[in-house]
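For reference, the structure is listed below as C-alpha cells.
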2 protein chains.
Amino acid sequence: MSIKDLAQHLNISIGTVSRALNGRADVNPDTRKRVLAAAKAMGYVANQSGRSLRQGATNVIGFTIETNVETKSQGDTFFMTVFDGVQTVFARHKLDLVVLLCSSDDDPFDHVRRVVSRQFADGLIISATQRQDPRIDYLIERGIPFVTLGRSLSGGEHSWIDMDFEGVAAQSVARLVARGHTRIALANTTRGINLSYVFEDAYRAALADHGIAYDPDIVLRGDITELGGYQLCEKLLALPNRPTAVVLVNESLAIGFYRRLHEAGLTPGRDMAIIGFRQSPQARFLSPALTCYRLSLHDVGVELAQSLLATMPAYKDLYPLGTVQKIWPMELVPGESDPPLRR
Amino acid sequence: MSIKDLAQHLNISIGTVSRALNGRADVNPDTRKRVLAAAKAMGYVANQSGRSLRQGATNVIGFTIETNVETKSQGDTFFMTVFDGVQTVFARHKLDLVVLLCSSDDDPFDHVRRVVSRQFADGLIISATQRQDPRIDYLIERGIPFVTLGRSLSGGEHSWIDMDFEGVAAQSVARLVARGHTRIALANTTRGINLSYVFEDAYRAALADHGIAYDPDIVLRGDITELGGYQLCEKLLALPNRPTAVVLVNESLAIGFYRRLHEAGLTPGRDMAIIGFRQSPQARFLSPALTCYRLSLHDVGVELAQSLLATMPAYKDLYPLGTVQKIWPMELVPGESDPPLRR
DNA sequence: CTGAAAGCGCTAACAA
DNA sequence: TTGTTAGCGCTTTCAG
C-alpha cells in the first residue's frame with residue numbers, strides 16, 4: 001500500500017496525491033477531497049522512511065534518558081510528566097516524540113553518537129547532564145539541534161533548562177537556620193552528574209551567608225534512591241556530633257530517611273529536620289508531611305519543546321526565543337518535617 | 001556524509017562499501033579493513049531512512065506506553081526496568097528499542113494505527129491492555145508482529161505476558177484467612193483495563209474457596225495512584241462493619257493507605273491488615289514493612305523481547321517459542337502489614 | 001491545476 | 001572480488 005497504489009486507484013498521478021495529502025495550495029479542492037477520502041478509506045499513511053529520505057528530515061524528536069542513572073533515581077513519574085508536556089507542543093507540528101533509552105551497559109556518548117549519525121531524529125533532548133559532557137560538544141560540532149534538561153560546563157551557548165537547585169539549597173538552609181538549626185547536613189549524590197556540584201556549591205554559599213562553617217564530614221553522598229536515602233541516614237545517625245537537620249538533593253531519599261529514622265525509634269521532623277527536594281506523589285504521602293518544593297514538570301516539558309524548536313531552522317521563526325538558558329523556579333511547600341529545633 | 005562520499009574517498013564503488021560495512025562474505029579482507037577504518041575515521045554510519053526504504057524494515061521495535069494511565073500508576077521505574085531487559089535482547093540483533101508515548105489526549109487505538117501505517121517499527125510491544133482491545137485485532141489483521149504486556153479477551157492467539165494476578169489474589173486471601181480475617185476488602189482499579197477483571201475474579205474465587213461470601217460493598221475502585229490509595233482508604237474507614245483486611249491491586253495504593261491510616265490514628269497492620277501487590281522500591285521502605293510479591297521486571301522484559309522475536313519471520317528460527325502466553329510468577333515477600341487478627 | 005521525472009541513501013541482483 | 005544499476009516511497013521541481 002504505497003502512494004502509487006493510491007494514485008492508481010484514483011487515476012491521477014502520484015505527484016498530485018502527494019500534494020493533496022500535504023496540504024499544498026495548488027490542488028483542486030475536489031481532487032483534494034477525493035484523495036483524502038480515498039486515503040482514509042484505504043487506510044493509507046505515508047511511509048516514514050520514504051518521506052524522511054526525500055525531505056532529509058525525519059519529523060522525529062528524540063528524548064534520551066538513561067535506564068540506569070535516572071530511572072532508579074527519579075523513580076516516579078518525573079519523566080512521564082515532562083514527556084507529556086513536550087508532546088503537547090510537538091503534536092501541533094506533527095513531530096513525533098520518541099524516547100531513546102540508553103541502557104545500563106551502554107555509554108551515553110556512544111549512544112548519542114549512534115542516534116545522530118543514523119539520522120534517527122531531527123532534534124534531541126538529552127538529560128542527566130554531566131559536569132563535563134562530551135555529548136554537548138559533539139552535538140554542537142555536528143550542528144544537531146538540541147536542548148538539555150540540566151546544565152553542564154560543556155558547550156557554552158546551547159539551550160538548557162534546569163531546576164533551581166541553588167534556590168532550593170539557599171531557601172532550605174535559610175529556613176532551617178531561622179528555625180534554630182546550625183548543624184545542617186547535605187545528602188547529595190555522587191559526583192559526575194552536574195547537579196551534585198551545583199547543589200553543593202549553593203549549599204556552601206548559603207551556609208556562608210549565615211555564618212556557618214562548612215563541614216565536609218556532614219556532606220554525604222550516595223545513590224539517589226530510596227535505599228540510598230536509607231543508607232545515608234544510617235551514616236548520618238552514626239556521626240559524632242550528629243546534625244539536627246538535613247537537606248536532600250532528591251525526594252526519593254526521603255523515603256529511605258523516614259524508614260531508617262523509624263527503625264532507630266526516631267521521628268522525622270522532631271528528631272531530625274528534613275527538607276526534601278521536589279514534591280513528588282510519593283513524598284506527598286509521607287507522614288509527617290515532607291517540606292519540599294513544587295514545580296510543574298508538564299510546563300518544563302512544554303518549555304523544553306519550545307526551546308528545541310527555537311533552535312531548529314524550520315521552526316525558529318515560530319519560536320523566536322533564541323538560546324534559552326532557564327533555571328526553573330520551585331515553590332516552597334511547607335510541611336511538618338522541619339519544625340523549629342527544640343533546645 | 002553519505003555512502004557516496006565514503007566510496008569516493010576510498011576510490012571504490014558504493015556497492016563494495018555497503019557490502020563491507022554489512023559484513024558480507026564476498027569482500028576482500030583488506031578492502032573491508034580499509035572501509036571500516038575510513039568509516040570510523042570519518043564518523044560514517046548508514047542513514048537509517050535509506051536502509052529502511054531499501055530493506056523494507058526499520059530495525060526498530062516500538063514499545064508503546066500511555067502517559068496518562070500507566071505512568072501515574074506504575075511510576076516509571078516499572079517500565080524502565082522492563083525496558084532494560086528488553087534492550088539486552090534487542091541489542092544482540094542491532095534492533096533499536098524506542099518508546100512511543102501515547103499522550104493523555106491521544107486515543108491508544110489511533111496511536112497504534114498511526115505508528116503501524118507509517119511503518120515506524122518492525123514490531124511492537126503494547127501495554128495497558130483493555131479487556132476488549134481493538135489494537136490487538138488491528139495488529140493481527142495487519143500482520144504486524146507484536147506482543148502485549150497484559151492479557152485481553154481480544155485477538156485469541158497472540159503472544160502475551162502478564163503478571164500473576166490470580167496467584168496474588170488467591171495467595172493473599174488464603175494468607176489473610178489463615179490469619180483470622182474473614183472480612184477482606186479489595187482495592188481495585190477502574191474497569192476497562194483488563195487486569196481489574198482478572199484480579200477481581202480471582203479474589204472472588206479465592207473467597208469462595210474459603211467459604212466467604214462475596215460482598216460487593218467492600219470491593220472499592222479508584223485510581224492506581226498514591227492519592228487513589230488515600231481516597232480508597234478513606235472510603236474503607238467510613239464503611240459500616242469495617243473490613244479488617246484489604247488486598248491491593250497495586251502497591252502505589254499502599255502509600256496512600258498508610259498515610260490515611262496514620263491520619264486516623266491507626267496503624268497499618270495492627271488496625272488494618274494490608275497486602276500490597278508488587279515489591280516496588282517505594283513499598284520496600286514503608287513501615288511497617290508491606291507484605292507484597294516480588295518479580296523480576298528485567299526478566300519480564302527479556303521474555304517480552306524474545307516472545308516478540310519469536311513472532312518475527314526474520315528471527316523466529318532463533319527463538320522457536322511459538323506463541324507465548326505466560327503468566328509471570330510472583331513470590332511472596334512477607335512483611336509486617338498483615339499480622340494475625342486480634343480478637 | 002496536473003503529470004512527468006529526478007533523486008534522497010541505501011542494498012541487492014547481476015554483470016564483469 | 002568488484003562495479004553498475006534498479007528501485008524501495010516519497011516530495012518537489014519543471015513543463016504543460
Side-chain angles (χ1 to χ4, degrees), chain A residues 1-36 38-39 42-60 93-96 114-122 314, chain B residues 1-36 38-39 42-60 94 96 114-122 314:
Chain A
M1 181 53 180
S2 74
I3 196 169
K4 220 164 101 187
D5 304 319
L6 188 56
Q8 235 152 37
H9 176 256
L10 287 163
N11 261 320
I12 54 177
S13 74
I14 57 168
T16 303
V17 172
S18 173
R19 284 191 298 263
L21 255 23
N22 289 299
R24 292 272 109 85
D26 55 352
V27 96
N28 186 306
D30 283 350
T31 311
R32 187 194 309 282
K33 218 175 285 175
R34 279 181 59 220
V35 172
L36 259 36
M42 305 175 66
Y44 170 79
V45 178
N47 174 297
Q48 189 56 47
S49 302
R51 301 195 79 186
S52 302
L53 190 54
R54 175 63 229 237
Q55 300 190 307
T58 60
N59 297 313
V60 165
H93 304 288
K94 307 221 174 206
L95 289 168
D96 280 314
R114 278 208 319 274
V115 169
V116 167
S117 47
R118 301 179 89 186
Q119 285 147 272
F120 202 89
D122 297 341
Chain B
M1 181 52 178
S2 74
I3 196 169
K4 219 163 104 187
D5 304 320
L6 187 58
Q8 233 152 37
H9 176 255
L10 287 163
N11 260 320
I12 55 178
S13 76
I14 58 168
T16 303
V17 172
S18 173
R19 283 191 299 265
L21 255 25
N22 289 299
R24 292 269 110 85
D26 55 354
V27 162
N28 185 306
D30 284 349
T31 312
R32 187 193 309 279
K33 218 175 287 176
R34 279 181 59 220
V35 172
L36 288 163
M42 303 174 67
Y44 170 78
V45 177
N47 175 297
Q48 190 55 48
S49 303
R51 301 196 79 188
S52 302
L53 190 54
R54 176 62 231 233
Q55 301 191 308
T58 60
N59 297 312
V60 165
K94 306 222 175 206
D96 282 313
R114 276 205 323 270
V115 169
V116 166
S117 46
R118 302 179 92 184
Q119 285 145 274
F120 203 89
D122 296 341

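In what follows, chains are A, B, ... by sequence order, proteins preceding strands, each numbered from 1. What you see is a predicted model; the values in this text were computed from it and never measured.
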### Query
Closest heavy-atom contact between B/K4 and B/I14?
CA-CG2, 3.7 Å
### Query
Can you check the B/R19 CZ to D/dT5 P distance for me, whole Å?
14 Å
### Summary
Whichever of A/K4 and B/A25 has the more 5' nearest nucleotide on DNA chain D, that residue is B/A25
### Message
Below 4.0 Å from chain B heavy atoms, what is the first contacting nucleotide of DNA chain C and what is the last?
### Response
C/dG9 to C/dA13
### Summary
Applying side-chain contact (heavy atoms from CB on, under 4.5 Å) to B/R32 and not counting sequence neighbours gives B/A20, B/V27, B/L36
### Task
Have a look at B/R24 and say if it touches a base, only the backbone sugar-phosphate, or nothing, with a 4.0 Å heavy-atom cut-off.
sugar-phosphate
### Message
Could you work out, with side-chain contact (heavy atoms from CB on, under 4.5 Å) as the rule, every residue matching A/V45, not counting sequence neighbours?
### Response
B/S117, B/R118
### Message
Rounded at 0.5 Å granularity, tell me how far CG in B/N22 sits from CD in B/Q55.
### Response
7.0 Å
### Task
Write down the atom of B/F120, the atom of B/T58, and the distance for their closest heavy-atom approach.
O-OG1, 3.5 Å
### Message
For B/Y44 versus B/L21, what's the shortest heavy-atom pair and its separation?
### Response
CE2-CD2, 3.5 Å
### Task
May I ask you to check whether A/R34 and A/T31 show a side-chain donor-acceptor distance below 3.5 Å?
no
### Student check: side-chain heavy atoms of B/I12 and B/V35 closer than 4.5 Å
yes
### Task
Would you classify B/S2 as touching base, sugar-phosphate or nothing, given that sugar-phosphate means primed atoms plus P, OP1 and OP2, and contacts are heavy atoms under 4.0 Å?
sugar-phosphate
### Query
the helix from C/dC1-D/dG16 to C/dA16-D/dT1: angle between its terminal axes, five pairs each, to 10°?
40°
### Query
Which parts of residues 47-59 of chain B get close to DNA chain D, meaning a heavy atom less than 4.0 angstrom away?
B/L53, B/R54
### Task
State, to 0.1 Å, how close A/V17 and A/I3 come at their nearest heavy-atom pair, and which atoms those are.
CG1-CG1, 3.7 Å
### Message
Below 4.0 angstrom, which residues in residues 5-15 of chain A have at least one non-hydrogen atom near DNA chain C?
### Response
A/I12, A/S13
### Task
Would you give the length of the straight line joining atom CG of A/L6 to atom CE of A/M1, rounded to the nearest 0.5 angstrom?
5.0 Å
### A/N59 vs A/D96, side chain to side chain contact (heavy atoms under 4.5 Å, CB included): CA-CA, chis, key distance, verdict
CA-CA 6 Å; A/N59 297 313; A/D96 280 314; 5.9 Å; no
## Note on the structure
Note: A/L53 and B/S49 closest approach over all heavy atoms is N-CB, 4.0 Å
### Query
Roughly how far apart are B/Q8 CD and B/S2 OG, rounded to 0.5 Å?
8.0 Å
### Message
What is the separation between atom CG on B/D26 and atom P on D/dG3, rounded to the nearest whole Å?
### Response
12 Å
